[in-house]
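Throughout, protein chains are lettered first and strands after them, A, B, ... in sequence-line order, and every chain is numbered starting at 1. These numbers come from a predicted model, not from an experiment.
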Amino acid sequence: MALDKNGIAQRIAQELKHGYYVNLGIGIPTLVANYIPNGIDVEFQSENGMLGMGPFPIEGEEDADLINAGKQTITAMPGAVYFDSSTSFAMIRGQHVDLTVLGAMEVSDQGDIANWKIPGYMVKGMGGAMDLVASAKNIIVAMMHTNKKGESKLLRQCTLPLTGTKCVTKVVTNLAVLEITEKGFKLLERAPGVSVEEIQAATEGRLIIEGEIPEMSL
Amino acid sequence: MALNKQVANAEEAIKGIESGMTIMFGGFGLCGIPENSIAAVRKNGAKNLTCISNNAGVDGFGLGVLLESRQVKKMISSYVGENEEFERQMLSGELNVELIPQGTLAERCRAAGAGIPAFFTPAGYGTEVAEGKEVRWFDGKPHILEHAFDASFAFVKAWKGDTAGNLIFKATARNFNHAMAMAGKITVAEVEVLVPAGELDPMEIHTPGIFIQRIYQGDHFEKRIEQRTVRTK
């Protein structure tokens, strides 16, 4: 069974380590906050200017002055702090954030990522994604393995305008966990019940399969 | 005696705005936007403005009201996906749009206020953002040259302020307001609560009054929420 979006988020949450500062992008990455493993503490950075982001507010407690980078109303955890945008990106560019999780439209087998523009169709802008991918040490992409037309999103070369080059470290999709290596996507884990052949068929970029590929444990 | 930056209202605060100027607007989405100053610029009618703002508002609110009245010639932003009128003007070529990385946007504001004419950043290297820009390698990594902004006016919004121009922001409404306050040749701050100099605790001030030329208490703050998201108890 291929994973759904929550399953992808749940698998990525296993990458969280105690003491991490984490920046979660919009979409599937946001869901990662729902699956923090027991016994570890992490703090979420929101690039619009806070550390210690908490869950959505209870109805009636929304505050127009307290939002996340997706413009959603949120809450603050004990120990949270607010700061201005230039300080926020100093944290990001200065590599003070330990893990970044982003959505993507395409990822290449060298770790290039495209997620901000489809020429002639959608131009919303890159927001903070270009700053994040240019500087972060550890970037995990959360996305579906194929697009709505069934075409692979894990490519030899990205076809869409790039957000950053050679920056992605890992990709977690509905089918697999893959690590970016110099020789391409190294298959680390399969989604429960998904075969190596299915993953191969859905991957256009170079795929490295070494030995038995274990199933994810969720 | 503390300097007095107080002006009576938004109309007085925007004096000097002319067609063709470059203007910064603080805020992230609709959070912390200078809504009273935006309304005054709309009333003033200045045209062909270049607006620097992380976002472009929504239809009928925020910078959306200046797009509606066709006062904006060019937008410099990082993310603009929330406004249909914006999209229409962009696709029809009426509106010139420059999209830049959010951290670069913030730093180009900060640099302008800090006397740094340009800086190198890794953000955007290898993408279309880097086209035509000088590249230099530092510590084995490529960086692109970005320049400080040059804005005649900066409009910012704070929660509390005093007559000396010192500002305190609420929660994530600080966002671009601080760096833009530093950057404007004339920075206008609108606040929800304006108090006499001396009433704010100097240890709690976020933006020092030296960056502010004019300050006023806004008549009305709608503070619209863009994405109301809640959980059940």
Side-chain angles (χ1 to χ4, degrees), chain A residues 26 46-50 53 55-76 80 82-93 112-114 116-117 119-120 122-135 161-167, chain B residues 28-32 54-55 77-82 87 90-91 97 99-107 109-111 121-129 141-143 159 169-180 182 206-207 221-233:
Chain A
I26 297 165
S46 191
E47 66 265 26
N48 56 316
M50 85 178 287
M53 184 168 48
F56 297 134
I58 290 164
E59 192 165 1
E61 292 179 6
E62 313 93 278
D63 179 353
D65 290 319
L66 182 46
I67 64 168
N68 64 16
K71 284 101 183 173
Q72 296 170 308
T73 45
I74 42 148
T75 57
Y82 306 113
F83 35 83
D84 84 290
S85 297
S86 63
T87 304
S88 180
F89 282 91
M91 293 173 191
I92 289 166
R93 262 189 257 97
D112 298 346
I113 175 172
W116 73 283
K117 183 179 184 180
M122 182 224 67
V123 187
K124 288 182 188 287
M126 64 291 281
M130 279 194 187
D131 309 272
L132 282 159
V133 301
S135 296
L162 293 178
T163 310
T165 58
K166 296 187 171 63
C167 53
Chain B
F28 185 98
L30 301 180
C31 178
N54 188 55
N55 312 91
S77 302
S78 87
Y79 191 86
V80 293
E82 292 118 347
E87 205 167 352
M90 178 169 67
L91 294 173
V97 180
L99 291 169
I100 61 176
Q102 194 175 127
T104 298
L105 178 64
E107 195 62 14
C109 296
R110 202 199 69 84
T121 175
Y125 174 79
T127 76
E128 58 188 62
V129 165
K141 263 190 83 173
H143 295 73
W159 174 38
F169 301 97
K170 227 183 119 196
T172 56
R174 192 175 332 180
N175 55 59
F176 282 86
N177 285 301
H178 174 76
M180 287 184 176
M182 293 173 67
H206 298 134
T207 302
F221 289 92
E222 183 180 335
K223 293 175 70 165
R224 202 184 285 184
I225 292 176
E226 199 164 333
Q227 303 279 347
R228 187 179 299 276
T229 324
V230 296
R231 72 190 140 114
T232 44
K233 271 186 194 176

Do you know the tightest heavy-atom contact between R93(A) and G103(B)? NH2-O, 3.0 Å
For each of A173(B), P101(B), A123(B), tally heavy-atom pairs with chain A at distances under 4.5 Å, and name the one with the top tally. P101(B)
Measure distances from V97(B) to the heavy atoms of chain A and classify the residue's part below 4.5 Å as side chain, backbone, both or neither. neither
Exercise: identify the closest heavy-atom pair between P57(A) and T229(B): CD-O, 3.2 Å
Output the distance between atom OH (Y125(B)) and atom CG (L162(A)), rounded to the nearest 0.5 Å. 11.5 Å
With sequence neighbours excluded, tell me which residues meet salt bridge (charged side-chain N to carboxylate O under 4.0 Å, His left out) with K223(B). D65(A), E192(B)
For the interface with chain B, which of K117(A), K71(A), M50(A), E47(A) has the highest count of heavy-atom pairs at distances below 4.5 Å? K71(A)
Only pairs of heavy atoms separated by less than 4.5 Å count here; which of A134(A), A64(A), S85(A) has the most with chain B? S85(A)
For chain A, which candidate among P142(B), G126(B), G32(B) shows the most heavy-atom pairs at distances under 4.5 Å? G126(B)
Applying the side-chain contact (heavy atoms from CB on, under 4.5 Å) criterion to Y82(A), which one of K170(B), H206(B), R174(B) satisfies it? R174(B)
Atom of Q102(B), atom of F89(A) and distance for their closest heavy-atom approach: OE1-CE1, 3.4 Å
Checking I92(A) against chain B: side chain, backbone, both or neither under 4.5 Å from a heavy atom? neither
Non-hydrogen atoms of chain A under 4.5 Å away: do they reach the side chain of M90(B), the backbone, both or neither? side chain
Minimum heavy-atom distance I67(A)-T172(B), with the two atoms named: N-OG1, 3.0 Å
Is it true that R110(B) and D84(A) have a side-chain N and a carboxylate O under 4.0 angstrom from each other? no
Can you sort out the partners of R224(B) under salt bridge (charged side-chain N to carboxylate O under 4.0 Å, His left out), two or more places apart, ordered by chain and number? E222(B)
Which residue out of P55(A), A76(A), G49(A), A80(A) racks up the most heavy-atom pairs below 4.5 Å with chain B? P55(A)
Give, for atom CZ of F28(B) and atom OG of S46(A), the distance between the pair rounded to the nearest 0.5 Å. 7.0 Å
G70(A) versus Q227(B), closest heavy-atom pair with distance: O-CG, 3.6 Å
When rounded to the nearest 0.5 angstrom, what distance separates CD in E226(B) from CD in Q72(A)? 10.5 Å
Top contributor to chain A contacts, counting heavy-atom pairs under 4.5 Å, from P122(B), S78(B), A106(B): S78(B)
Any idea which heavy atoms bring I225(B) and T73(A) closest together, and the distance? CG2-CG2, 3.6 Å
Point-to-point distance, once rounded to the nearest 0.5 Å, from CD of E128(B) to CE of M126(A): 7.0 Å
Side chain, backbone, both or neither: which part of N55(B) has a heavy atom under 4.5 Å from chain A? side chain
What distance separates I100(B) CD1 from M130(A) CE, expressed to the nearest 0.5 Å? 11.0 Å
Return the option, out of V129(B), V80(B), N175(B), L30(B), with the maximum number of heavy-atom pairs under 4.5 Å with chain A. N175(B)
Quick one: which of A69(A), G164(A), A114(A) has the most heavy-atom pairs under 4.5 Å with chain B, could you say? A69(A)
Applying a strict 4.5 Å limit to non-hydrogen atoms, the region of K166(A) in contact with chain B is neither
Heavy-atom side-chain contact between E62(A) and V230(B) under 4.5 Å: yes
Atom pair CG (N68(A)) and SG (C31(B)), whose distance is rounded to the nearest 0.5 Å: 10.5 Å
